[in-house]
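Throughout, protein chains are lettered first and strands after them, A, B, ... in sequence-line order, and every chain is numbered starting at 1. Reckoned from all heavy atoms, side chains included, excluding hydrogens, waters and symmetry mates.
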2 protein chains.
Amino acid sequence: MLQGVDMRLTKGCKKVLEVLEQVQELSSAQDIHGLMRNEDDKAPGLTTVYRSLESLVSAGLVQAVALGDGERRYELVKPGEHHHHLVCDKCRSSVHLDQCLIEELEEGIKNKYGFQIKGHILEIFGTCKVCTAK
Amino acid sequence: MLQGVDMRLTKGCKKVLEVLEQVQELSSAQDIHGLMRNEDDKAPGLTTVYRSLESLVSAGLVQAVALGDGERRYELVKPGEHHHHLVCDKCRSSVHLDQCLIEELEEGIKNKYGFQIKGHILEIFGTCKVCTAK
DNA sequence: GTCATTTTGAAAGTGATTACCATTTCCTAT
DNA sequence: ATAGGAAATGGTAATCACTTTCAAAATGAC
Ligand SMILES: [Mn+2]
Ligand SMILES: [Mn+2]
Ligand SMILES: [Zn+2]
Ligand SMILES: [Zn+2]
């Protein structure tokens, strides 16, 4: 899983990866730190968690997700890939979409506006199937 | 322009609308406040600017834009409508897209995932035509 | 082992946004 | 016009995620 990853795998990074493998929800830095410290008082400090997440995002192993509330979330991704979500207002669960809807538009936008796309944010909010049923 | 708008148009709101009509860039609450205070020491305070923006967004006259940095931006929109942007990393200018790419997907997502869409965020980053030319 | 480099983490700092709360303004009934 | 209650205002303090600082601890090449 970490084949050919071009980065120093510090203790902090390894611990963060462990936690992200466990929970498969979107987790904030503080969530991750809290989970670590629950089962080990000697787990990395919050600063290290932030730094590790930064490294892991640069390396493409983790993606950062902006939900528009001031709190960034993180999750494991297939190296170098990314995806978007349907986030439920009620239960905060999220459906992970299997394909990016934006990448296929890059060519058209480049042609129409002369704009060179380098990144994007896209998240969809609403009510999930389970919560609608209630 | 304000026909049939269902909200109390306070002094603060009017002043905010004035500023947003002038600048047609995405502006933060603090930008707006700063512009007001530049030309009038008695202009509404920052708290009022935030409150006014909240009302105007509810009324559908203004849209809030999340760019993923912790600072919300605002801009006038055609009442009840919204749109998305191509934001240039270099000069921070933004192209306002004429159609929402997500709304047309709502039906498909509803059918595929049983997810009822209520909102979304979508912003695209990169380098604009002008900055690429340099 | 020695010493330079990297990593770590508690505490302090930052910056946007929100909560408080006392004062002012507005509106309506008399 | 006036009194009184509701709404709006604005300075200050608080909040909260995140970043910076800097000194101590871990690492690793020689
Ligand atoms: Mn996901
Ligand atoms: Mn716009
Ligand atoms: Zn995408
Ligand atoms: Zn849209």
Whole angstroms only, please: what is the [atom1]-[atom2] distance between [X] and [N]?
X	N	atom1	atom2	result
A:L9	C:dT7	CG	P	11 Å
A:Q30	D:dT15	CD	P	15 Å
B:L67	C:dA16	CG	C1'	14 Å
A:L46	C:dA11	CG	P	13 Å
A:R73	D:dC18	CZ	P	9 Å
B:H33	D:dT12	NE2	C1'	13 Å
A:D69	D:dC16	CG	C1'	12 Å
B:Y50	C:dA16	OH	C1'	5 Å

Aromatic ring proximity, centroids under 6.0 angstrom, B:H120 and B:H82:
yes

At what distance, to the nearest 0.5 angstrom, does OG of A:S94 lie from NE2 of A:H83?
7.5 Å

Can you measure from CG (B:L35) to OG (B:S27) and round to the nearest 0.5 angstrom?
6.5 Å

Counting N and O atoms only, with roles assigned by atom type, does the side chain of A:R73 sit under 3.5 Å from a partner on the main chain of A:A66, one being a donor and the other an acceptor?
no

[X] side chain, from C-beta outward: closest of [options]:
X	options	result
A:R51	D:dA8, D:dG10, C:dG9	C:dG9
B:P44	C:dT7, D:dG10, C:dG9	D:dG10
B:T47	C:dT8, D:dC18, C:dC20	C:dC20

Is B:T48 close enough to D:dG10 that one of its side-chain N or O atoms is under 4.0 Å from OP1 or OP2 there?
yes

Using a cut-off of under 3.5 Å, enumerate the N/O to N/O pairs linking the protein to nucleotides 24-30 of chain D.
from   : atom 1 : to    : atom 2 : distance (Å)
D:dT27 : OP1    : A:K11 : NZ     : 2.8

Any chance you could lay out the side-chain hydrogen bond (donor to acceptor under 3.5 Å, both in side chains) test for A:H85 and A:E75, step after step, and finish with the verdict?
CA-CA 12 Å; A:H85 302 91; A:E75 69 178 334; 2.8 Å; yes

